[in-house]
Enquirer: 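Have a look at this one.
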Amino acid sequence: MPVLTWRLGAAAVVGAAVVLALPLDPIASIIGVNAGLLAAAAIDWARTPSPSQVGVSRQAPAIVPLGGAAEISWSVANPSPRRLRVSVADELAPSLQAASRQFSVRIPPLGAAGAAVAIRPSRRGRFEPSQIAVRVEGPLGLVGRQERRRVPGTIRVYPPFHSRDEAELRISKARILEVGLRSAKGRGGGTEFDQLREYGPDDEFRRIDWAATARAGKPIVRTHRAERNQTVLLLLDTGRVMAGRVRDPSGAEVPRLDHAMDAVMMLTAVSTRLGDRAGLVAFADTVRAVVPPTRTRDQLGRVTDAMYSLEPELVESDYRGAFMQTLSRFRRRALLVVLTELAEQAVAETLLPALPLVLRSHVVMVAGVRDPAVQRWATAVPAEPGAAYRKAAAVAALDERRRIVSRLRGMGAVVVDAAPGQLAPQLADAYLHVKATGRL
């Protein structure tokens with residue numbers, strides 16, 4: 001497709017100005033100037049190489065964490081024996097926040113040139129730029145040829161793993177408990193027998209094995225470890241209640257689903273590193289993603305890859321259907337971790353009636369993130385009528401939340417209701433406590 005450049009317009013303006021300044025017939029002179037420019041443009045266009053002859057490629061990272069920085073680069077090759085001016089515009093989504101998506105380069109004969117740009121995605125998901133517009137200018141710079149080239153690519157923006165360091169701390173803590181050492185905040189040392197060894201100053205007196213002590217003639221303790229090869233199934237709610245935005249520790253307002261994803265990644269990392277099998281079931285009105293539980297080292301990557309593109313759907317979540325499909329797929333006793341929003345209306349009408357399906361044969365944990373803004377409104381001193389109504393609504397919402405937490409615990413579920421940034425660590429602590437006390 002021929003494209004006129006700014007140089008042709010500038011030449012037309014300059015030619016018209018010169019004609020008007022000379023004592024000539026202006027109409028005939030302008031027609032003559034324009035005819036000359038059109039002829040020059042036609043010759044320039046004819047001598048312009050086709051964009052299809054220019055080699056164009058894109059180098060993009062396969063995975064970028066949300067909020068992280070990465071780089072996209074392009075390479076342009078000139079197959080012709082003369083110098084070319086080439087402009088390139090790529091099809092990048094605005095949420096990738098690229099500093100620029102177009103550039104111009106001068107390429108020497110039979111040479112190549114390139115450009116690069118930084119991106120910092122503001123939304124997670126899967127991005128597939130597929131087309132690049134390539135424009136080659138003629139030798140005179142008056143016109144150019146332009147066409148779209150298909151250059152497919154995929155950029156996956158993963159949710160950020162904010163709790164990675166917290167996960168490593170929990171793993172180290174659990175491993176200390178497994179070898180029978182005391183931890184400042186440890187609760188129990190597991191229920192599966194590990195070994196007999198000589199009593200040490202850090203051992204608890206109640207762990208002495210008196211029969212072994214009598215045989216050995218010196219104090220011997222019995223050490224235990226948390227059971228391995230247990231199953232942890234993470235049920236991630238992606239329905240309407242997870243669309244509400246809550247400010248995270250960095251100050252950005254993100255959906256509750258993103259807070260839950262951080263908890264999913266932390267619990268997957270901790271459980272698989274401790275020898276348990278972790279899996280994922282993401283659901284709304286239907287099951288949207290399933291990752292079978294395993295304890296392989298790449299399970300965290302599989303879980304993250306299955307959920308990174310999920311967005312909250314404005315539908316009512318079907319807990320009963322999700323539980324039924326989970327029970328039909330995974331019959332072994334497991335720890336079921338339901339990540340949802342602890343709003344009374346949603347939980348009382350959907351989750352509570354479905355819980356008896358799984359409480360009979362599984363350990364159930366329900367987790368949600370609190371909104372600190374509601375807590376601030378409930379404790380603030382109102383200065384005007386609108387603030388007073390907001391305070392009353394916040395107090396009522398907190399009371400409803402406490403009631404629903406009490407009802408869940410009364411049914412036998414472990415409940416984690418945490419502030420932003422604390423959901424993942426507290427959920428991991430609850431998991432470690434369940435393991436240490438042998439509830440599975």
Enquirer: Between side-chain atoms of residues 101-118 and protein atoms elsewhere (two or more places apart, or another chain), which donor-acceptor pairs fall under 3.5 Å?
Expert:
unit_1	atom_1	unit_2	atom_2	d
R101	NH1	D90	O	2.6
S104	OG	S87	OG	2.8

Enquirer: Indicate yes or no for a side-chain donor-acceptor contact from T304 to the backbone of G301 under 3.5 Å, with no hydrogens or angles considered.
Expert: no

Enquirer: Which residues pass the ring-ring contact (aromatic ring centres under 6.0 Å, His included) test with Y158, not counting sequence neighbours?
Expert: Y308

Enquirer: Within the side chain of E137, is there an N or O that forms a donor-acceptor pair under 3.5 Å with the backbone of R85?
Expert: no

Enquirer: So which pairs with a foot in residues 414-427 pass salt bridge (Lys or Arg N to Asp or Glu O under 4.0 Å), sequence neighbours left out?
Expert: R401-D417

Enquirer: Could you check if a side-chain atom of R135 sits within less than 4.5 angstrom of a side-chain atom of R145, using non-hydrogen atoms only?
Expert: no

Enquirer: Excluding sequence neighbours, so at least two apart, what forms ring-ring contact (aromatic ring centres under 6.0 Å, His included) with Y319?
Expert: F283

Enquirer: With sequence neighbours excluded, what pairs up with R247 under the salt bridge (Lys or Arg N to Asp or Glu O under 4.0 Å) test?
Expert: E253

Enquirer: Evaluate S271 against D276 for side-chain hydrogen bond (donor to acceptor under 3.5 Å, both in side chains), listing each step before the verdict.
Expert: CA-CA 5 Å; S271 60; D276 287 339; over 6 Å; no

Enquirer: I need the E166 CD to I171 CD1 distance, nearest 0.5 Å.
Expert: 11.5 Å

Enquirer: At their closest point, which heavy atom of F127 faces which heavy atom of S95, and how far apart are they?
Expert: CE2-OG, 3.2 Å

Enquirer: For the residue pair P312 and T238, establish whether any side-chain heavy-atom pair is separated by less than 4.5 Å.
Expert: no

Enquirer: Mind listing the closest non-hydrogen atom pair of D318 and G321 along with its distance?
Expert: OD1-N, 3.0 Å

Enquirer: Quick one, R409 with V405, criterion side-chain contact (heavy atoms from CB on, under 4.5 Å). Give me CA distance, side-chain angles, the key distance, then yes/no.
Expert: CA-CA 6 Å; R409 287 173 176 161; V405 168; 3.6 Å; yes

Enquirer: Among residues at least two apart in sequence or on other chains, which ones pass side-chain contact (heavy atoms from CB on, under 4.5 Å) with T154?
Expert: R126, E128, R156

Enquirer: May I have the step-by-step check of side-chain contact (heavy atoms from CB on, under 4.5 Å) for L327 and H362, ending in yes or no?
Expert: CA-CA 10 Å; L327 293 176; H362 299 280; 3.3 Å; yes

Enquirer: Could you tell me whether R273 and E168 make a salt bridge, using a distance below 4.0 angstrom between a side-chain N and a carboxylate O?
Expert: yes

Enquirer: Who are the salt bridge (Lys or Arg N to Asp or Glu O under 4.0 Å) partners of R288, not counting sequence neighbours?
Expert: E313

Enquirer: Would you call R277 and V232 a side-chain contact if the rule is heavy atoms closer than 4.5 Å?
Expert: no

Enquirer: At their closest point, which heavy atom of G386 faces which heavy atom of E384, and how far apart are they?
Expert: N-OE1, 2.8 Å

Enquirer: Heavy-atom distance under 4.5 Å between the side chains of V337 and L267, does that happen here?
Expert: yes

Enquirer: Does R148 have more than 12 heavy atoms from other residues, nucleotides or ligands lying within 6.0 Å of its CZ?
Expert: no

Enquirer: Is any side-chain heavy atom of V414 less than 4.5 Å from a side-chain heavy atom of V364?
Expert: no

Enquirer: Walk me through it: do S122 and R120 pass the test side-chain contact (heavy atoms from CB on, under 4.5 Å)?
Expert: CA-CA 7 Å; S122 61; R120 187 177 291 274; over 6 Å; no

Enquirer: If you take all heavy atoms of A378 and K391, which pair is closest and at what distance?
Expert: O-NZ, 2.6 Å

Enquirer: Going by distance alone, is a donor N or O of one side chain under 3.5 Å from an acceptor N or O of the other, for S57 and Q59?
Expert: yes

Enquirer: Applying side-chain contact (heavy atoms from CB on, under 4.5 Å), name anything that partners D165, two or more places apart in sequence or on another chain.
Expert: none

Enquirer: Extract all donor-acceptor atom pairs below 3.5 Å that involve side chains of residues 255-265 and protein atoms in other chains or at least two apart in sequence.
Expert:
unit_1	atom_1	unit_2	atom_2	d
R256	NH1	E341	OE1	3.0
R256	NH1	V369	O	2.6
D258	OD1	R124	NE	3.3
D258	OD1	R124	NH2	3.0
D258	OD2	R124	NE	3.4
H259	NE2	V246	O	3.1
D262	OD1	H162	N	3.1
D262	OD1	S163	N	3.3
D262	OD2	S163	OG	2.7

Enquirer: Any chance you could measure D248, atom CG, to L423, atom CG, to the nearest 0.5 Å?
Expert: 12.5 Å

Enquirer: Tell me the closest heavy-atom pair linking V86 and V76, and the distance in Å.
Expert: CG1-CG1, 4.1 Å

Enquirer: As an exercise, state the distance from CZ of R149 to CD of Q131, rounded to the nearest 0.5 Å.
Expert: 11.5 Å

Enquirer: Would you say L280 and T268 make side-chain contact, with heavy atoms under 4.5 Å?
Expert: no

Enquirer: For the CG atom of L235 and the CE atom of M365, what is their distance to the nearest 0.5 Å?
Expert: 12.5 Å

Enquirer: To the nearest 0.5 Å, what is the distance between CZ (R58) and CD1 (I132)?
Expert: 4.5 Å

Enquirer: Does a donor on one side chain and an acceptor on the other come within less than 3.5 Å for E91 and S130?
Expert: yes

Enquirer: Can you tell if the side chain of L339 reaches within under 4.5 Å of the side chain of L427, non-hydrogen atoms only?
Expert: yes

Enquirer: Start with the C-alpha gap between Q299 and T272, add the side-chain angles, then the distance that decides, and say whether side-chain hydrogen bond (donor to acceptor under 3.5 Å, both in side chains) holds.
Expert: CA-CA 8 Å; Q299 183 69 350; T272 53; over 6 Å; no

Enquirer: List in chain and number order the residues that pass side-chain contact (heavy atoms from CB on, under 4.5 Å) with R403, two or more places apart in sequence or in another chain; answer none if no residue qualifies.
Expert: E344, D399, E400

Enquirer: Could you list the residues that satisfy salt bridge (Lys or Arg N to Asp or Glu O under 4.0 Å) with D429, not counting sequence neighbours?
Expert: R170

Enquirer: Applying side-chain contact (heavy atoms from CB on, under 4.5 Å), name anything that partners A373, two or more places apart in sequence or on another chain.
Expert: D371, R376, W377

Enquirer: Please report the C-alpha distance between Y431 and V363 in whole Å, then the side-chain angles of each, then the deciding distance to 0.1 Å, and finally whether the side-chain contact (heavy atoms from CB on, under 4.5 Å) criterion is met.
Expert: CA-CA 10 Å; Y431 154 74; V363 179; over 6 Å; no

Enquirer: For V291, does its backbone N or O pair with a side-chain atom of R302 as donor and acceptor, under 3.5 Å?
Expert: no

Enquirer: Can you see which heavy atom on I72 is nearest to which on P61, and at what distance?
Expert: CG1-CD, 4.2 Å

Enquirer: Determine whether a donor-acceptor pair (N or O, by modelled atom type, separation under 3.5 Å) exists between the side chain of Q230 and the backbone of A334.
Expert: no

Enquirer: What is the distance from atom CE of M411 to atom CG of L355, rounded to the nearest 0.5 Å?
Expert: 5.0 Å

Enquirer: Does R333 use its side chain to pair, donor to acceptor, with the backbone of T231 at less than 3.5 Å?
Expert: no

Enquirer: Would you call P292 and R329 a side-chain contact if the rule is heavy atoms closer than 4.5 Å?
Expert: no

